[in-house]
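Comments concern the structure below.
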Number of protein chains: 2
Amino acid sequence: MNADERWFQGHLREIDEAECWELVRSREVGRVAYADEHGPMVVPITFAVDDESLLFRVAPYSELARHLPGARAAVEVDDIDYFTRSGWSVVLRGTIESLDSDDLPAPEARPTPWPEGQRTMHLRLTPEVITGRRLLEA
Amino acid sequence: MNADERWFQGHLREIDEAECWELVRSREVGRVAYADEHGPMVVPITFAVDDESLLFRVAPYSELARHLPGARAAVEVDDIDYFTRSGWSVVLRGTIESLDSDDLPAPEARPTPWPEGQRTMHLRLTPEVITGRRLLEA
């Protein structure tokens with residue numbers, strides 16, 4: 001450790017579960033980590049929070065449609081400030097289920113993907129574990 | 001698809017490898033996806049670019065130190081604008097190697113972790129594949 005690091009490194013603090021959910025609800029984009037035949041993969045995804053689960057929409061025949069349903073996954077949601085070198089990150093881990101049209105929430109509660117494309121497959125992550133950490137300014 | 005989505009969804013474009021590296025060099029924080037005994041996991045990490053590889057520093061005895069060395073991983077780097085619903089994302093995939101002190105680059109080229117803590121284990125991801133996508137404003 002050099003002098004620069006000693007003085008300017010930020011402080012990590014755990015975030016409790018209630019605040020994790022509050023933070024996740026404040027964002028619309030996360031990154032979903034899953035496994036394919038080449039190992040771990042991670043891509044951005046738009047989501048909506050439905051009770052204590054995350055909803056996604058993906059295109060049928062996409063990589064996500066091939067690998068997410070029934071699989072374990074982790075979704076990371078964060079807000080990072082380069083200027084102050086601070087921020088927070090929440091990770092939700094669990095198994096992804098594919099939703100039938102009967103199981104969908106009301107239209108206004110469904111996720112709105114940002115990119116173009118027919119994203120007609122609805123998926124839900126109900127996390128078994130949600131953890132978060134905040135990096136406070138040094 | 002409803003009228004709202006038809007008019008406001010953004011356009012996805014592939015980013016070539018040279019521009020992927022340029023974008024990765026413009027950022028200091030990514031999210032590393034790896035596997036632990038509960039499946040896929042993903043957390044933010046500060047990195048430095050060394051030639052065409054990413055360098056990280058982690059704390060010995062940390063979860064990352066337990067799971068990354070020798071393992072396959074993916075690192076996602078992005079910049080997402082909520083106002084315009086646009087942005088870019090680059091993913092680098094490969095195997096993580098642990099570096100001996102002899103293999104470290106010059107001090108000024110090493111990563112500077114933002115959080116406090118003795119992050120004395122140096123790791124390198126040399127990607128086999130680097131891919132990127134840009135989401136253009138609708």
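Computed from a prediction, not measured in an experiment: that's the story for all the values here. So you know, we letter chains A, B, ... as the sequences are listed, proteins then strands, and number each from 1.
Both the backbone and the side chain of A:Arg27 come within less than 4.5 Å of a heavy atom in chain B. Both the backbone and the side chain of B:Leu12 come within less than 4.5 Å of a heavy atom in chain A. Only the side chain of A:Arg93 comes within contact range of chain B, with at least one heavy atom under 4.5 Å from a heavy atom of that chain. For a residue to count as touching a neighbouring chain, one of its non-hydrogen atoms must lie under 4.5 Å from one of that chain's; by this rule A:Leu135 touches chain B with the side chain only. For a residue to count as touching a neighbouring chain, one of its non-hydrogen atoms must lie under 4.5 Å from one of that chain's; by this rule A:Ser86 touches chain B with the backbone only. A:Val42 touches chain B through backbone and side chain together, each having a heavy atom under 4.5 Å away. For A:Arg13, the part sitting under 4.5 Å from any heavy atom of chain B is the side chain, from C-beta outward, and nothing else.
The most heavy-atom pairs under 4.5 Å with chain B, out of A:Pro40, A:Ser89, A:Ala74, come from A:Pro40. The most heavy-atom pairs under 4.5 Å with chain A, out of B:Arg119, B:Arg31, B:Glu28, come from B:Arg31. Contacts with chain A were tallied for B:Pro107, B:Gly87, B:Ala35, B:Ala73; B:Ala73 has the most, counting heavy-atom pairs under 4.5 Å. Across B:Ala71, B:Pro115, B:Ala33, the residue that shares the most heavy-atom pairs under 4.5 angstrom with chain A is B:Pro115.
Contact check for A:Leu68 versus A:Val32: side-chain heavy atoms found under the 4.5 Å cut-off.
The two residues A:Phe56 and A:Thr46 make their nearest non-hydrogen contact at CD2-O, 3.9 Å. Heavy-atom minimum distance, A:Pro111 versus A:Arg57: O-NH1, 3.2 Å.
Within a 6.0 Å sphere centred on CZ of B:Arg133, heavy atoms belonging to other residues, nucleotides or ligands number 12 at most.
A distance of 4.5 Å separates CH2 in A:Trp88 from CG in A:Leu23, rounded to the nearest 0.5 Å.
Distance alone, capped at 3.5 Å, is enough to place a donor-acceptor pair between the B:Asp36 side chain and the B:His38 backbone. When atom types are taken as modelled, the side chain of B:Asp51 and the backbone of B:Ser53 share no donor-acceptor pair closer than 3.5 angstrom.
The pair B:Arg110-B:Asp50 fails the salt-bridge criterion, with no side-chain N (NZ, NE, NH1 or NH2) lying under 4.0 Å from an Asp/Glu carboxylate O.
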